[in-house]
Amino acid sequence: MLEMLLSVLIVVGALFTFIGSLGLARLGDFYTRLHGPTKATTLGVGALLIASVLYFSTRGEGLSLHEILVTLFLFITAPVSAHLLAKAALHLRVRSIAPPPPEAEDPLADTRVRAGD
Amino acid sequence: MLSIAVSIAFALVSGALLLSLFRLLRGPDKPDRILALDTLYINTIALLVLLGIHLSSSLYFEAALLIAMMGFVGTVALCKYLLRGDIIE
Amino acid sequence: MKLRLLPHPILTPVLTLIWLLLVNSLSPGQILLGLILGWAIPVFTLRFWPERVRIHKPLTLMRFLAVVMYDILIANLAVAALILGGPKHVKPAFVRVPLALRTDLGISLLANTISLTPGTVSAWLSPDRSFLVVHGLKVNDPDSLIAEIKRRYETPIKEVFEPC
Amino acid sequence: MLEEPSSMEALIAVIIGVLTACGVYLALRARTFPVVIGLTLLSYAVNLFLFVTGRLTVGQPAVISDQAVGYTDPLPQALVLTAIVISFGMTAFIIMLALKARAELGTDQVDGRLDGGDAPNERGREHG
Amino acid sequence: MNLFFVVLIPFLGAGLAAWVSRFGRLQSAWMAGGVTLVALIALTPSLPAPFLGETLVQRIPWIPALGLDLVLRLDGLGLLFALMVLGMGLLVILYARYYLAERDCMGRFYGYLLLFMGSMLGIVLSENLILLLMFWELTSLSSFLLISYWQHREDARTGARMALAVTGLGGLAMLGGFVLLGEMVGSYDLSVVLANGELIRSDPLYTPMLVLILLGAFTKSAQFPFHFWLPHAMAAPTPVSAYLHSATLVKAGVFLLARLFPVLSGTSQWSILVIGAGLATLLIGAYFALFKHDIKGLLAYSTISHLGLITLLFGIGTPLAAVAGVFHIINHATFKASLFMAAGIIDHECGTRDMRRINGLWRYMPYTGTLAMVAAAAMAGVPLFNGFLSKEMFFGETVTFSANHTWDWLLPAAVVVAGIFAVAYSLRFIHDVFFNGDPIDLPKTPHEPPRWMKVPVEILVAICLLVGILPAFTVAPLLYVAATGVLQTAPPDYDLAIWHGVNAALIMSVIALIGGILIYAGRRPLFNLATKLEGLLDARAVFDGLLKGLLALAGAVTRILDTGSLQRMLLVFILSALTLGTVGFLGGGAPLTGDRDLLPADAVSLLVTIALIIVALWTVVLHRRRLTALIVMGALGLLVSLIFVKFSAPDLALTQLSVEVVTIVLLLLALYFLPQYSPAESSWPRRVRDIGVACLAGGGAAALTWSVLTRPYESIADYFLENSVPGGGGANVVNVILVDFRGFDTLGEISVLALAGLGIYAMLKDLRLPGPTCDARGRPWNWDMHPVIMAALTRLLLPLALLVSAFIFLRGHNLPGGGFIAGLITAIALIMQYLANGVEWTHVRMTSNLHPVIGAGLLIGLLTGLASLVFGYPFLTSAFTHVHWPVIGDFELASAIAFDLGVYLVVVGATLLILVHLGLMHHASHPGEQEPNHA
């Protein structure tokens with residue numbers, strides 16, 4: 001039963017991790033790609049970590065909860081990186097499917113050059 | 001059964017690794033690459049957690065924890081560079 | 001910066017708890033060590049904190065966290081579907097979310113929550129902090145999205161961290 | 001060398017080979033920054049090499065415990081651990097030299113030529 | 001053990017003499033004299049032994065494994081030389097105190113002098129050959145210092161350099177000879193060597209050994225053709241010349257001949273080489289001495305000639321000849337020293353040494369004149385003076401030696417010629433200086449020197465006379481023991497009387513005297529001939545040629561290698577490394593693949609490998625877009641740390657991860673001041689070439705790795721694994737090795753890190769670089785310096801990160817972690833604050849002065865090490881104990897933790913120092929753009 005639960009958690013976690021990266025690879029522009037990883041981190045890794053908690057806690061060596069810390073870390077950091085990336089992208093006027101909000105772009109910036117490399 | 005699940009998971013995570021890698025190498029924009037790097041870090045965490053379960057050893061936890069921290073710092077530094085050029089000002 | 005005996009009433013127990021998580025044990029020795037660290041680290045880091053965090057209405061906080069968890073779970077599936085569906089299904093858009101929050105921490109928490117809950121990433125904060133630009137992955141009706149965000153996330157955060 | 005394409009040893013050998021090759025190529029570039037990156041790659045290769053001289057063992061960290069079946073060789077690890085940190089110091093020092101050169105000579109070239117292509121000693125005379 | 005003091009005292013005294021000179025320039029003279037006296041006193045207890053026919057040997061074990069002990073011996077020969085060195089030393093010290101001018105630094109002079117004295121004593125008292133050689137080289141060095149005492153003078157510098165080069169090279173040759181000698185008898189102890197004469201002379205390697213040792217001896221005592229350095233050494237202050245060229249430096253060579261006389265002499269090689277060199281030197285020296293216009297030059301060449309004489313005597317190889325040699329060593333020392341001093345007085349009084357201008361000094365300084373005359377007479381070998389006795393023995397020996405040879409008249413004739421010239425130049429020294437008309441425009445009008453300046457001369461001259469008139473009652477006993485010391489047996493009977501009746505020797509002396517007077521009378525025409533010859537017979541040209549050639553060669557090599565192009569040098573380096581490796585491997589002929597059974601690879605590893613390869617290649621492909629390359633490289637570091645994890649090295653993985661990030665931050669900081677893109681400047685052929693080289697290098701590395709990994713190996717790991725817990729008190733062996741077993745290395749490494757940090761700080765202090773005001777594409781930077789969201793949450797993270805690093809630190813001893821990693825984490829956590837909130841903001845909240853942190857770290861590391869010393873353990877042995885607290889439970893207290901704390905502090909300090917100050921450079925370069933920095 002437990003093993004069942006574990007297996008499910010593991011596969012689900014891995015699956016979401018995969019999907020996150022898939023989104024990163026597949027989606028059309030930077031801003032949409034940005035969504036993929038943010039999810040992968042939350043649910044994917046989250047599920048895997050819960051699995052690990054269960055796994056190690058049930059091996060008779062007492063509770064093992066420190067994986068939760070990793071999750072905590074990710075929950076705090078991932079959104080920040082996402083935000084910064086988006087901010088940077090807007091600053092660099094990275095190509096976007098959705099019309100970017102004008103005020104978000106530096107007025108001084110020269111609109112002709114495409115951002116990045 | 002667990003082992004099967006783990007191996008499936010390994011396959012999936014490795015796939016994720018490759019996909020992020022593709023984005024990292026493909027670009028096109030610097031933010032894309034940074035995002036890919038960040039994702040790569042997170043995939044690695046997943047990989048490590050799996051490895052921990054696979055070898056049933058908790059020695060890999062710190063590595064995961066550290067990756068979580070370091071990935072963040074790296075991303076922030078790179079973004080700051082894109083935004084301001086001078087990252088410690 | 002004066003040094004109180006107990007610099008941070010919330011931080012200390014939190015850190016002690018985290019310490020116990022880290023070492024995976026509840027031995028009295030570790031608890032003591034955790035308390036020491038939980039006291040010592042704030043002594044050093046307190047100065048780095050913008051303002052002392054006060055939590056009013058812990059219950060609201062709890063409910064809020066639960067809501068967020070639930071949203072993450074649900075919306076993840078939606079986004080997963082979107083990604084698997086491929087580029088053509090997405091309908092991205094930038095929407096402006098006017099802010100009622102004022103403090104750095106409040107705004108940051110809101111931004112994080114928005115980014116955590118799938119389908120939305122807080123992309124840009126206006127210099128005057130009057131509104132937050134959010135990028136949605138599949139936005140059919142911007143106004144409902146804004147309303148959603150304000151109702152589900154901003155209000156509780158404001159209640160918990162910035163009661164005025 | 002790859003008569004055992006599926007052995008870990010072969011993989012490591014290839015990895016170290018590739019890292020060295022890339023490092024060397026970059027180190028032979030004409031500007032400071034690529035050289036620094038090349039040196040970083042080289043230090044990866046060297047650290048890896050030193051590390052694997054303890055031979056490859058999977059899942060047997062050198063942490064004494066009762067249920068451990070065996071241990072890997074801890075000595076190379078100890079050496080490499082410090083080597084990694086020191087190599088950071090070295091990188092920092094080199095990059096600093098690069099900046100110094102940039103400030104004094106106004107260029108980040110290390111191939112002994114200015115853009116004008118005049119001899120290095122000429123430049124030396126100008127600035128020293 | 002008193003002999004050790006005899007040798008040691010001058011060395012210590014050297015420092016003192018130099019030091020006391022700050023209390024007045026004469027103090028150091030007194031100190032030097034006192035030190036010499038003390039050394040003499042230290043010698044007295046051993047004085048009787050040689051007279052009783054015993055050889056004192058005193059030994060302190062040093063490196064027994066190399067057969068190298070500190071061992072000294074005192075026998076007759078050693079005694080004689082020790083007395084000469086110390087006694088003459090005293091006189092010279094007294095003399096120099098008046099000779100040196102106000103502006104000359106006395107401390108330096110006497111310091112060098114004592115240094116030299118000590119080394120000289122070391123030579124003459126050494127029992128061990130290697131030890132002897134060390135002192136030998138020391139004399140070369142200290143004599144260099146003495147000769148170049150007047151550093152402002154070009155000739156002094158060149159002369160000193162020449163002396164050093166020649167004698168130093170000789171010393172090298174001698175080392176070779178000594179090693180051969182030591183191998184022959186299986187010991188470097190003189191007593192053993194001296195006992196095995198037969199064995200040595202019959203050894204196949206005897207000849208090369210002899211040649212090498214003789215090279216050493218001949219260079220030192222200025223034998224032809226190496227004599228040329230000596231006249232140039234006359235640029236030294238006259239007291240130095242009096243000391244070096246009468247009793248000490250140049251006598252070291254003949255001392256060596258005497259020392260090894262019983263072992264080396266008696267073979268035809270010995271006779272040919274030594275007699276040949278000696279005779280040539282005798283003649284050449286005597287000849288040129290006559291035609292030198294410089295007083296000291298004359299004395300220099302006469303010294304050369306007398307050294308030749310002594311060498312010749314030892315070359316003859318009969319016991320009596322050896323006795324004569326020793327005798328002449330004594331006599332020459334006395335009269336030559338007094339003559340040098342006299343010359344010094346003349347120089348001092350007249351301000352010049354040119355005999356063409358110095359004439360008729362008799363009127364001004366009759367007293368000095370008298371002294372000089374006596375000494376000169378001794379030098380010429382006039383009866384009733386000591387020189388006569390040894391010279392007559394010398395003449396006698398040459399006759400008896402060549403009696404039963406064909407050409408038996410040749411050698412005697414030659415030495416008579418030498419004798420003639422000796423008389424002639426002695427005569428010139430007297431006549432040309434004290435009579436022969438009036439002085440010609442001397443810089444100052446001469447008069448008698450101060451009283452005490454003459455005392456040393458008087459003493460020496462007195463000795464000349466006493467020995468000359470009453471040899472049996474004065475020098476005899478000393479000569480006897482010295483001769484015994486040389487021969488290592490009782491010397492044959494000899495008679496020190498002045499009158500032996502009319503025999504060959506007497507006749508030769510008479511011829512010499514008369515001939516000398518005649519030659520001197522008719523010297524004019526000979527002058528120009530001499531000037532022609534000198535160039536031919538002087539090896540100086542060769543020396544200079546060699547020197548020039550060497551410098552030219554060095555220059556050429558440098559020009560070829562150092563073109564100012566790093567690529568060029570790297571290329572040379574890599575290629576040579578490759579060739580060496582290949583040659584070594586192919587030469588070994590071992591198979592590439594070993595016989596160790598291998599690990600099967602799994603899919604994930606294969607995948608990671610491929611990923612890593614691609615990333616590495618991509619870094620190269622993209623390297624011209626620098627930022628992009630940097631991003632890609634970040635992935636590379638991550639993958640490398642994955643390898644560490646996979647192959648059970650969690651500590652390494654943690655370190656690699658942290659260092660990776662720190663490196664990225666560092667490179668970003670630097671990149672801000674550098675161009676964002678590298679232009680494509682290397683031509684295609686060049687790229688192809690580089691790719692070729694790179695592939696070769698990579699292939700080599702891969703092959704090497706493969707062949708290492710496929711071979712089984714012996715490891716000392718077991719020791720660490722077994723003793724980690726009981727010995728080091730930690731379960732994480734890697735960490736225990738770092739902080740305990742190899743703690744000393746770690747101490748060194750953190751010192752290196754600290755040095756790097758401080759060095760960079762120093763370099764940055766005055767570095768100004770304009771940073772770009774807009775990015776590579778001309779876009780202005782974003783207005784938002786510290787995005788709110790980032791700022792707020794990173795502050796939130798700080799306590800968490802610190803907690804983690806505390807965790808990593810504390811568990812490090814038993815689980816992966818430790819000071820290095822914890823330090824990096826803390827540094828990164830703090831760097832985060834700089835990133836998110838800026839320098840000013842952060843510096844308000846934490847110290848910006850990191851040097852104390854680094855210092856504290858090093859100090860703690862050192863102190864813990866010393867602490868274990870205090871408790872009688874070796875340096876940095878960790879002590880640990882388990883203390884039991886009620887309720888709380890067991891705690892382990894290990895001193896290793898303290899050491900790890902030191903590591904932690906250094907890492908934090910150095911990392912922050914580097915990164916933060918690199919960041920601050922921007923402010924320094926852009927004043928006014930933001931509020932002024934707090935650095």
Side-chain angles (χ1 to χ4, degrees), chain D residues 1 4 6-9 11-22 24-28 30-31 33-34 37 44-45 49 52-53 56-57 59-64 71-75 77-78 80-82 84-86 88-89 91-93 95-96 99-100 102-103 108 110-112 120, chain E residues 563-567 570 598-601 605 609 612-613 616 620 623 626 629 640 647-652 655-656 659 663 666 670 673-674 678 681-682 690 694-695 697-698 701-702 705-706 708-709 715 717 720-721 724-725 731-734 737-738 749 752-753 756 760 763 767 769 820 914:
Chain D
M1 174 173 76
E4 293 233 21
S6 68
S7 75
M8 289 285 190
E9 283 77 4
L11 295 185
I12 291 292
V14 173
I15 288 176
I16 291 180
V18 171
L19 282 176
T20 317
C22 299
V24 167
Y25 180 80
L26 286 180
L28 288 174
R31 303 277 175 159
F33 198 78
I37 292 201
Y44 288 156
F49 176 74
V52 298
T53 49
L56 305 181
T57 38
Q60 300 175 358
V63 176
I64 306 295
Y71 302 110
T72 174
D73 188 340
L75 191 54
Q77 295 194 14
V80 171
L81 196 155
T82 46
I84 295 174
V85 180
I86 297 284
F88 162 69
T91 315
F93 208 86
I95 201 74
M96 213 57 53
L99 289 182
K100 195 87 174 167
R102 170 89 171 157
D108 65 338
V110 287
D111 56 354
Chain E
T563 54
S565 157
L566 178 67
Q567 297 162 288
L570 273 177
L598 308 173
L599 282 171
S605 324
T609 310
L612 199 146
I613 293 170
V620 174
H623 80 269
R626 298 181 171 181
V640 169
F647 297 113
S648 41
D651 295 270
L652 291 191
T655 320
Q656 177 64 56
V659 166
T663 313
L666 171 82
F673 298 100
L674 294 171
S678 314
E681 43 193 4
S682 39
D690 292 352
C695 293
T705 317
W706 173 255
V708 167
L709 284 185
S715 169
F720 296 122
L721 292 169
S724 176
V725 175
N732 178 7
V733 187
V734 176
I737 291 177
L738 281 176
E749 267 135 357
V752 170
L753 195 62
I760 289 166
M763 269 202 277
L767 188 57
L769 262 177
F820 276 106
I914 295 171

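The chains referred to below are lettered A, B, ... by the order of the sequence lines, with proteins before strands, and numbering in each begins at 1. Excluded from the calculations below are hydrogen atoms, water molecules and symmetry mates; all remaining heavy atoms, backbone and side chain alike, are included.
- The contact between E:Leu612 and chain D is made entirely by side chain atoms (from C-beta outward), counting heavy-atom distances below 4.5 Å.
- Contacts of D:Tyr44 with chain E are made by side-chain atoms alone, with heavy-atom separations under 4.5 Å and no backbone atom involved.
- Per-residue counts of heavy-atom pairs under 4.5 Å with chain D were compared for E:Val640, E:Thr663, E:Val708; the largest is that of E:Val708.
- Interface residue D:Leu26: only side-chain heavy atoms are found under 4.5 Å from chain E.
- When E:Leu753, E:Ile914, E:Leu674 are compared by the number of non-hydrogen pairs under 4.5 Å with chain D, E:Leu674 comes out ahead.
- Expressed to the nearest 0.5 Å, how far OG of E:Ser565 lies from CG of E:Leu570 amounts to 8.5 Å.
- Annotation: maximal heavy-atom pairing with chain D below 4.5 Å, among E:Val659, E:Val734, E:Ile613, E:Asp651, occurs at E:Val734.
- Using a 4.5 Å cut-off on side-chain heavy atoms (C-beta onward), D:Tyr71 and E:Val733 make no contact.
- For D:Ile84, the parts sitting under 4.5 Å from any heavy atom of chain E are the backbone and the side chain alike.
- The two atoms that bring D:Leu11 and E:Ala601 nearest to each other are CD1-CB, 3.7 Å, heavy atoms only.
- Of the atoms belonging to E:Leu652, heavy atoms from both backbone and side chain fall under 4.5 Å from chain D.
- Heavy atoms closer than 4.5 Å to chain E are found in the side chain of D:Ile95, but not in its backbone.
- Nearest heavy-atom pair across D:Ala92 and E:Leu666 is CA-CD2, 3.5 Å.
- For chain E, the nearby parts of D:Val63 are the backbone and the side chain; heavy atoms of each come within less than 4.5 Å.
- Between chain D and the residues E:Ala717, E:Ser715, E:Ala731, E:Ala649, the largest count of heavy-atom pairs under 4.5 Å involves E:Ala731.
- Of the two parts of D:Phe49, only the side chain, counted from C-beta on, holds a non-hydrogen atom closer than 4.5 Å to a non-hydrogen atom of chain E.
- Here the side chains of D:Thr72 and E:Phe647 are not in contact, with every heavy-atom distance at 4.5 Å or above.
- For a residue to count as touching a neighbouring chain, one of its non-hydrogen atoms must lie under 4.5 Å from one of that chain's; by this rule D:Asp73 touches chain E with backbone and side chain alike.
- When every heavy atom of E:Ala670 is checked against every heavy atom of D:Leu99, the shortest pair comes out as O-CD2, 3.9 Å.
- In terms of non-hydrogen atom pairs under 4.5 Å with chain E, the most contact-rich of D:Thr57, D:Val24, D:Leu19 is D:Thr57.
- Nearest approach of D:Pro74 to E:Phe720, heavy atoms of both residues: CG-CB, 4.4 Å.
- For the residue pair D:Ala78 and E:Leu738, the shortest heavy atom distance occurs at O-CD2, 3.6 Å.
- Interface remark: of the candidates D:Ile16, D:Thr53, D:Leu81, D:Ile15, D:Leu81 forms the most heavy-atom pairs closer than 4.5 Å to chain E.
- Taking the side chain as every heavy atom from C-beta outward, D:Val85 and E:Glu749 never approach each other to under 4.5 Å.
- With a 4.5 Å cut-off on non-hydrogen atoms, E:Leu599 touches chain D through its backbone and its side chain both.
- Of all non-hydrogen atoms in D:Cys22 and E:Val620, the two that sit nearest each other are CB-CG2, 3.4 Å.
- Ranked by heavy-atom pairs shorter than 4.5 Å toward chain E, the options D:Ala27, D:Pro61, D:Ala45 are led by D:Pro61.
- Of the possible polar contacts, one joining the D:Gln77 side chain to the E:Ser648 backbone as a donor-acceptor pair under 3.5 Å is found.
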